[in-house]
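Have a look at the structure below, then the notes.
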Amino acid sequence: MGILGFPSKVDHGFRTPDGGVIHGVMAEFGSAAEIYHAAEKLRDAGFQKWDVFSPFPIHGIDEAMGIKRTILPWIVACGAITGVSAALLMQWWMSAVDYPIVVQGKPYDAWEPFVPITFELGVLFSAFSALIGMLALNGLPRWNHPLFKSDRFLRVSDDAFVVVIEAGDPKFQGAETVDMLQGLGASDVELVEE
Amino acid sequence: MSHIAANQNVDAALGADAPAHLDHPALREENITLEPAKVGLASKALMALGLLGIVVAIAGGFVLAGAEGTSSNAALTHVKGILLIGVLSVMGFSLGSMFFIMINAVGGAGWHVTMKRILEQAALLIWLPVAGLLMFVAAELYSVSNDGFGIVSSWLNPEILKEEYFITKKYPYFEPAFVAVRLGLYVVIWLGLSQLIWRLSRKQERTGDRWLTNKLSFHSAWGLMVLALATAFFAFDWLKALTDYKFFSTMWGVYFFAGSLFVTFPGMALLLIYLRSKGKMEGLITVEHHHDLSKYMFGFIVFWAYIAYSQYFLIWYSQIPEETTWYMHRKENWTELSTLLVVGHFLVPFPLMLLRALRRSALGYGLIAGWLLFMHVIDMYWIIRPSLGITLDEARVGGMQGAWVDIAGIGGVIALYTGLLLWRLTKAPLVNRMEPRMPEALKHKNYV
């Protein structure tokens, strides 16, 4: 994780045999079914900071991993409410307080002409908060990621099914976690350096 | 129950060609058969209540006619208008169901096929509101022949025909023969399309021919256009021109059409909750199907608000007198009702239906669905009732407000329709088991 996209080295106290700082442990599985069942076991073991990578979407993997529903809708709702309030306040202040002009003999503070702009600003702020909120929740943008150092990880977009458990996970225990992943049927387990 | 016995034989007749999903436990006989004993009492009670309500409304109308301060002319107008409000409210459910079947057929959707038969039943019941409409038209013609006594349709009023400027400009459209031909076309299109949809589905059930699904897609492609045009022009003739022939609004057809779909989804949600409470359609209608119905409910809350506001906004801005009078009458003399429509039809249900948990909880969407149905009736009431002349305060019988005529008449038509629909549901399996897209609907799931 970095600030404003600039990566910072995060040390959780785990070292490779060569003395490098461990980002996490990566395990490759043979098929979607195998990684699905491994995910269920990892979920039940109580891991928090981990993820499954696959070349295609696996139906039901969210439940298998125990991923909670995103809070993004609530962020978007806040954006929408902000947009709607700002639009109403702005238009009311402009046309009824700051610079009242008679238009077609309508009341200065008639709500009818405010609606289109209120709608537009509500949508605009919703869209902004959806995009920015999504990026923020994903820790984006960032320049690089430790996982990109691994050739095995690059195969995720082709034919590899990979689980990565980060060293920052409270349940992460170095060699024991490696053993556990091998016990779950991982074909290869490698340590990823920060 | 010969039709269900016939379905059982299909498996044998098809042999190896029988769809694999026929063995699915959810499609077992007792799960998709609504025994008359299960709903007999409810449907009979509703039909009796409906007829009683209609009789009470008509009788009450004539009591009102004799009451002080109310002319018999106004009372007759009142009763006819009230019954029309009921007829148009239930007509929306049938038309919306028809549209929903066809739009799904054109789009190749599969998730809805477990509820398609019930939609077909609702569409098939269009004959009831059509019969009500024709009775209304007959009553109007009778009134016209009696020197405009108790006339609802403003443009049919002989007095107006004599003197008004606008009627001479609009007369070609209101030429009686042309109006009659148009009405005939609407009826033929509605009845024809509902029969076509019904027969294709029943034939598929008998023969197991999966290509009939494609045939429905083909007929839906032109059927959608024809249905939309017929419904839009019906709304011009019998809703807009009825209340004020001077009123202009190209949005009007969409307004009624959007209202029809607005009523279809909550109506279906409640009907499915009811059927599931009777132990039917287990595994066929799940929370996932309800979730999608809720999404449609939400969508049409927004769509209705969008077109209703657009129509009002343009008229408000342009200030053309013959348009604004229609809205001014409703804003100034029926203020509470207009406010209720804005708040209850949009402002309250909109944020509620944003909540995913509510869209997936039977109690949540059930309560909202009931409220939305009520709001649709209020919408129709708001369109027609202010044009009937006497206000709620003016219509009094022995000190009591005449609003009970409104409730009996509108409630009566709705109860009659609901009772008939429940009774019809016992006449055919609740699901067309031969539907080739059945597996898709059986494992339907919302990932968002």
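Chain letters run A, B, ... following the sequence lines, proteins first and then strands; every chain starts at 1.
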**Asked** Are more than 12 heavy atoms from other residues, nucleotides or ligands located less than 6.0 Å from atom CZ of A:Phe128?
**Response** no
**Message:** How about NZ on A:Lys106, more than 12 heavy atoms from neighbouring residues, nucleotides or ligands closer than 6.0 Å, or not?
**Reply:** yes
**Message:** Less than 4.5 Å apart, side chain to side chain, heavy atoms only: is that true for B:Lys445 and A:His59?
**Reply:** no
**Request:** Decide if atom NZ of A:Lys41 counts as having more than 12 heavy atoms of other residues, nucleotides or ligands within a radius under 6.0 Å.
**Result:** no
**Message:** Within this structure, what is the OH-CD distance for the pair B:Tyr312 and A:Glu112, rounded to the nearest 0.5 Å?
**Reply:** 3.5 Å
**Prompt:** So which part of B:Leu314 gets closer than 4.5 Å to some heavy atom of chain A, the side chain, the backbone, both or neither?
**Reply:** neither
**Message:** Atom CZ of residue position A:Phe56 - does it have more than 12 heavy atoms of other residues, nucleotides or ligands inside 6.0 Å?
**Reply:** yes
**Which portion of A:Pro73 sits near chain B, non-hydrogen atoms under 4.5 angstrom** = neither
**Prompt:** Any chance CE of A:Met90 has more than 12 other-residue heavy atoms, nucleotides or ligands included, within less than 6.0 Å?
**Reply:** yes
**Complete:** Honestly, the part of B:Tyr317 sitting under 4.5 Å from a heavy atom of chain A is both
**Message:** Parallel, tilted or perpendicular, judged at 30° and 60°: which one describes the rings of A:Trp111 and B:Tyr309?
**Reply:** tilted
**Heavy-atom closest contact (A:Pro113 atom, B:Trp316 atom, distance)** = CD-CH2, 3.5 Å
**Request:** Please check if atom CD1 in A:Ile71 has more than 12 non-hydrogen atoms from other residues, nucleotides or ligands closer than 6.0 Å.
**Result:** no
